[in-house]
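Chain letters run A, B, ... following the sequence lines, proteins first and then strands; every chain starts at 1. It should be emphasised that the depicted structure is a prediction, and the values quoted were computed from it without experimental measurement.
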Amino acid sequence: MEVVRPAYLPDPALDAAAMEAMQRDIAADATFADDHGLAPDAIRVDDRIEAGESVEPAQATLDGDGPVVAGVDQAFREDEAVSVAVALRGGRVIERAVGRAPLEIPYVPGLLAFREGSAIVDALESLSVGPDLLVLDGSGRIHYREAGIATHVGVLFDAPTVGVAKNLLCGTPVADVEGRYLDAGERVGIEANEEVETCPAGTTIGHFYQSRQYDHPERRHVNPLVVSPGHRVATGTATDLVAATCAGYKLPEPTRLADAAVGDVTGE
DNA sequence: GCGACAG
DNA sequence: ATCTTGTCGC
């Protein structure tokens, strides 16, 4: 893949005010409407995984039909960030790419892309396929300036992206989910509030999505995913697409596989 | 000043 | 995110 908006490369040397200013520009350039030619129905997961079988990584097959979805995830060592992108077609791995970058700034809520972004760019630049959709770890439009890491990366490459987070950064759920049991498949809208300074309060900027749930509400329950559009995807579609990439686990397959891959790149 | 806060 | 083993429950 190729960066098409180099002005938005996440330079960790910028001061916070400059980072925030860049995010406002990115949000203005982002498209929170469908512009991707992807149909959730066209996305397939590996049926062997859905059946609970263990699957060996498939050999690279760059040819074929059907949309390509890539998951991206990061892990950290001493003072470097490692990012891995895993591209899937029909639920099978067709390519993996690794990227690295020194860790130069601490984690600051709202400025995540400036800490991890360089490693992600490094990984995606070495990816030979241009995925029809990128699934990033973290928020997209659910962000103080509607420019979370999924939106930032999407605009950098002008690629359709969605963000999948495990926790809510900002915004207000339209229904109380606190300790409430959501059935698998349920979604609850997340609306912008005063924390989101770039759009009117009440705008739907994402969803809680219950990708997986236990059968008995009494004791244990799974926390829902936090899904939001990154770039070139509408809010409802973002959740539809993420739902289509899930295969019985809490995390979407692209994310799970990127997670595992970055794990053993970082590990042994 | 206090609270909230992706990874 | 990361430091880290076993363990309770379905």
Report task. Would you tell me if any nitrogen or oxygen in the side chain of A:Asn167 comes within less than 4.0 Å of OP1 or OP2 on B:dC5? Result -> no
Requested in this report: Report yes if a side-chain nitrogen or oxygen of A:Tyr107 is closer than 4.0 Å to either non-bridging phosphate oxygen (OP1 or OP2) of B:dA6; otherwise report no.
Outcome: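 Yes, such a contact exists.
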Report task. Establish, for the pair A:Arg256 and A:Tyr249, whether the NZ or CZ atom is under 6.0 angstrom from the six-membered ring centre and no further than 45 degrees off its axis. Result -> yes
Counting the atoms with a prime plus P, OP1 and OP2 as sugar-phosphate, which does [X] contact under 4.0 Å by heavy atoms, base, sugar-phosphate, or nothing?
X: A:Gly163; result: nothing
X: A:Ile120; result: nothing
X: A:Ile142; result: nothing
X: A:Ala75; result: sugar-phosphate

Query raised in the report: Quick one: are the ring centres of A:Phe157 and A:His231 less than 6.0 Å apart?
Result: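 A:Phe157 vs A:His231: aromatic centres not under 6.0 Å.
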Report task. Check for a donor-acceptor pair, side chain of A:His152 on one end and backbone N or O of A:Gln23 on the other, with a separation under 3.5 Å. Result -> no
Query raised in the report: A:Ser228 side chain to A:Gly206 main-chain N or O, any donor-acceptor pair under 3.5 Å?
Result: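 Flag not set: sc A:Ser228 to bb A:Gly206 has no pair under 3.5 Å.
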Nearest-angstrom distance from the residue atom [atom1] of [X] to [atom2] of [N]:
X: A:Asp259; N: C:dA1; atom1: CG; atom2: C1'; value: 11 Å
X: A:Tyr209; N: B:dA6; atom1: OH; atom2: P; value: 23 Å
X: A:Met19; N: B:dA6; atom1: CE; atom2: P; value: 17 Å
X: A:Phe76; N: B:dG7; atom1: CZ; atom2: C1'; value: 6 Å
X: A:Phe208; N: B:dA6; atom1: CZ; atom2: P; value: 12 Å
X: A:Arg77; N: C:dC3; atom1: CZ; atom2: C1'; value: 17 Å
X: A:Leu225; N: B:dG7; atom1: CG; atom2: C1'; value: 15 Å
X: A:Ile105; N: B:dA6; atom1: CD1; atom2: C1'; value: 14 Å

Query raised in the report: Just the dot-bracket of DNA chain B, please: which string comes out with Watson-Crick or G-U pairs under 3.5 Å, [ ] for crossing, | for another strand?
Result: .......
Query raised in the report: Does the side chain of A:Thr239 pick up a donor-acceptor pair with the side chain of A:His207 at under 3.5 Å?
Result: yes
Report summary line: For A:Leu169 and A:Ser139 the tightest heavy-atom approach is CB-OG, 4.2 Å
Report task. Any chance you could lay out the salt bridge (Lys or Arg N to Asp or Glu O under 4.0 Å) test for A:Asp158 and A:Arg232, step after step, and finish with the verdict? Result -> CA-CA 8 Å; A:Asp158 191 28; A:Arg232 294 173 54 178; 3.7 Å; yes
Requested in this report: Side chain of A:Lys166 only, please: which of B:dG7, C:dT2, B:dA6 is the nearest?
Outcome: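 Of B:dG7, C:dT2, B:dA6, B:dG7 is nearest to the side chain of A:Lys166.
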